[in-house]
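What you see is a predicted model; the values in this text were computed from it and never measured. Each residue takes its place number in the sequence, starting with 1.
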Amino acid sequence: MDIIIAPDSFKGSLSATEAVEAMDRGIKRCFPHARTIHVPMADGGEGTMETLVAATAGVIKTVHAIDPLGFEITAEYGILGDEKTCVIEMAKASGLDLVPKEKLAPLSATTYGTGQLIKQALDDGYTSFILAIGGSATNDGGAGMLQALGLQLMDDKGKEIGYGGGELHRINRIDLEKFDERIASCKFVIASDVENPLIGTNGASYVFGPQKGADADDIKILDNNLTHWADMVAEVTGVHLHHAPGAGAAGGIGGAFQAFFPSEMQRGIDVVLKYSNFNAYLEQADIVLTGEGKVDHQTASGKTPMGVAQAAKKANIPTIIIAGSVGPGIEALYKYGVVSVNSMINEPMELGHAIQRASELLTNATEQIMRTYFSQ
């Protein structure tokens, strides 16, 4: 039996690679001679850079940058095995995991560090980019990133505004004169599974603001400020981001790429499937195992398990999902080639306990699923 193991990370407990290894152990307990094909996955969020670098035998470079709160950190970007394509994961410099919960600052958090990563890659000579923009702690419309690349956002007194979405209402003029001219001759693929517009009740602030620490008052401020930002961007570029699909991704940085970069937005999972040669592995597979921390109705919006299942279905290969928790709406996944969705939790337990035992639980669940479906 040839089995592809292609999970995403189980957030807070297992990386995608660790999840692959746990599932492999479960398979080998009942099928010791099975051939397993390890293909760690990601969908544009945390872990995407490492996944793509590992899949292509690339390298990782270290860069000095600032985090969402403006503190200096050491961040990373990746170079694919083709030695030409640079992978920048926004979460490395502007990610939610970089900020303790008690210090989340949705009004002042900045994407400046992501801009620093792009600038360093440009300095290093790269012209082809994959930008993975999930997992951000920011809601600044990508303004900080643009400032790091030379865009000047001036107030009514001719001074540059500060960092964060809370400052955007102060913009009186956008000055493109010092914006890095190298960007125009580069290619940017934006990996994201988010199609939300920039503003409104389905936009960046209302939908994603709460997870970044925004309360009801903050959300109104941020949404109003992003509206002003979009108005100013439209005056300068002619691009109207207000209701553009995907402009609300990662606190609005999706819109910044649409307006100021020669870019193309693609589903994160599709980017990872392409560069990991997933379709080639399907040619010799009997079944696919995938999974992530939580599977529910949102999974069908383009997250890893659905993308994996869609690709497998085209090759007539069935897909089994194993998740940390299973919520409502999973029936939507069955039409995409998923044959079953299974939780790895085998008894009532607190979340912290489940996280500590994640590897063991995933291994045990994989073994039981394989015995149930395939033992004779």
Side-chain angles (χ1 to χ4, degrees), residues 66-71 90-91 93-115 133-149 151-175 192 194-237 239-260:
I66 65 170
D67 71 5
L69 303 184
F71 295 106
M90 181 184 183
S94 310
L96 196 60
D97 289 346
L98 297 175
V99 185
K101 277 190 176 182
E102 67 275 11
K103 293 186 178 180
L104 289 172
L107 294 176
S108 59
T110 180
T111 53
Y112 195 93
T114 296
I133 61 173
S136 77
T138 56
N139 207 109
D140 71 350
M145 172 193 69
L146 295 168
Q147 287 174 304
L149 291 165
L151 195 74
Q152 293 182 300
L153 306 177
M154 316 303 288
D155 65 16
D156 57 3
K157 296 180 181 179
K159 296 182 178 181
E160 282 209 64
I161 67 166
Y163 294 153
E167 285 278 293
L168 297 178
H169 70 286
R170 298 181 54 231
I171 299 174
N172 181 257
R173 178 171 60 90
I174 297 176
D175 189 342
S192 171
V194 172
E195 297 184 355
N196 299 71
L198 185 66
I199 62 170
T201 56
N202 196 38
S205 304
Y206 278 90
V207 175
F208 304 110
Q211 71 189 39
K212 302 171 187 185
D215 60 23
D217 291 335
D218 293 335
I219 289 169
K220 291 179 182 178
I221 292 170
L222 290 166
D223 191 62
N224 287 336
N225 288 2
L226 284 177
T227 300
H228 176 68
W229 168 240
D231 291 342
M232 297 299 296
V233 169
E235 285 185 17
V236 172
T237 68
V239 178
H240 294 268
L241 297 175
H242 307 68
H243 304 291
I253 201 172
F257 285 118
Q258 291 177 13
F260 293 97

The criterion is side-chain hydrogen bond (donor to acceptor under 3.5 Å, both in side chains); which residues satisfy it with [X], sequence neighbours excluded?
X: S136; value: K212
X: T111; value: D140
X: D97; value: none

Notebook entry, point to check: Can F208 and N139 be said to form a side chain to side chain contact (heavy atoms under 4.5 Å, CB included), step by step?
Noted result: CA-CA 9 Å; F208 304 110; N139 207 109; 5.6 Å; no
Next item on the list: Step by step, work out the side chain to side chain contact (heavy atoms under 4.5 Å, CB included) result for V236 and V233.
Entry: CA-CA 5 Å; V236 172; V233 169; over 6 Å; no
Notebook entry, point to check: Applying side-chain hydrogen bond (donor to acceptor under 3.5 Å, both in side chains), which residue pairs with at least one partner in residues 213-222 are found, sequence neighbours left out?
Noted result: none
Check: Can you list every side-chain hydrogen bond (donor to acceptor under 3.5 Å, both in side chains) pair that touches residues 151-170, not counting sequence neighbours?
Finding: D155-R170, E167-R170
Note to self: Which residues pass the salt bridge (Lys or Arg N to Asp or Glu O under 4.0 Å) test with D175, not counting sequence neighbours?
What the structure shows: R173
Got a sec, which residues hit side chain to side chain contact (heavy atoms under 4.5 Å, CB included) with [X], two or more places apart in sequence or on another chain?
X: K103; result: L69, V99, P100
X: I221; result: L107, N225
X: D231; result: T227, H242

Next item on the list: Step by step, work out the side chain to side chain contact (heavy atoms under 4.5 Å, CB included) result for I66 and F71.
Entry: CA-CA 5 Å; I66 65 170; F71 295 106; over 6 Å; no
Check: Taking only residues two or more places apart in sequence or in another chain, which ones pass ring-ring contact (aromatic ring centres under 6.0 Å, His included) with F257?
Finding: F261
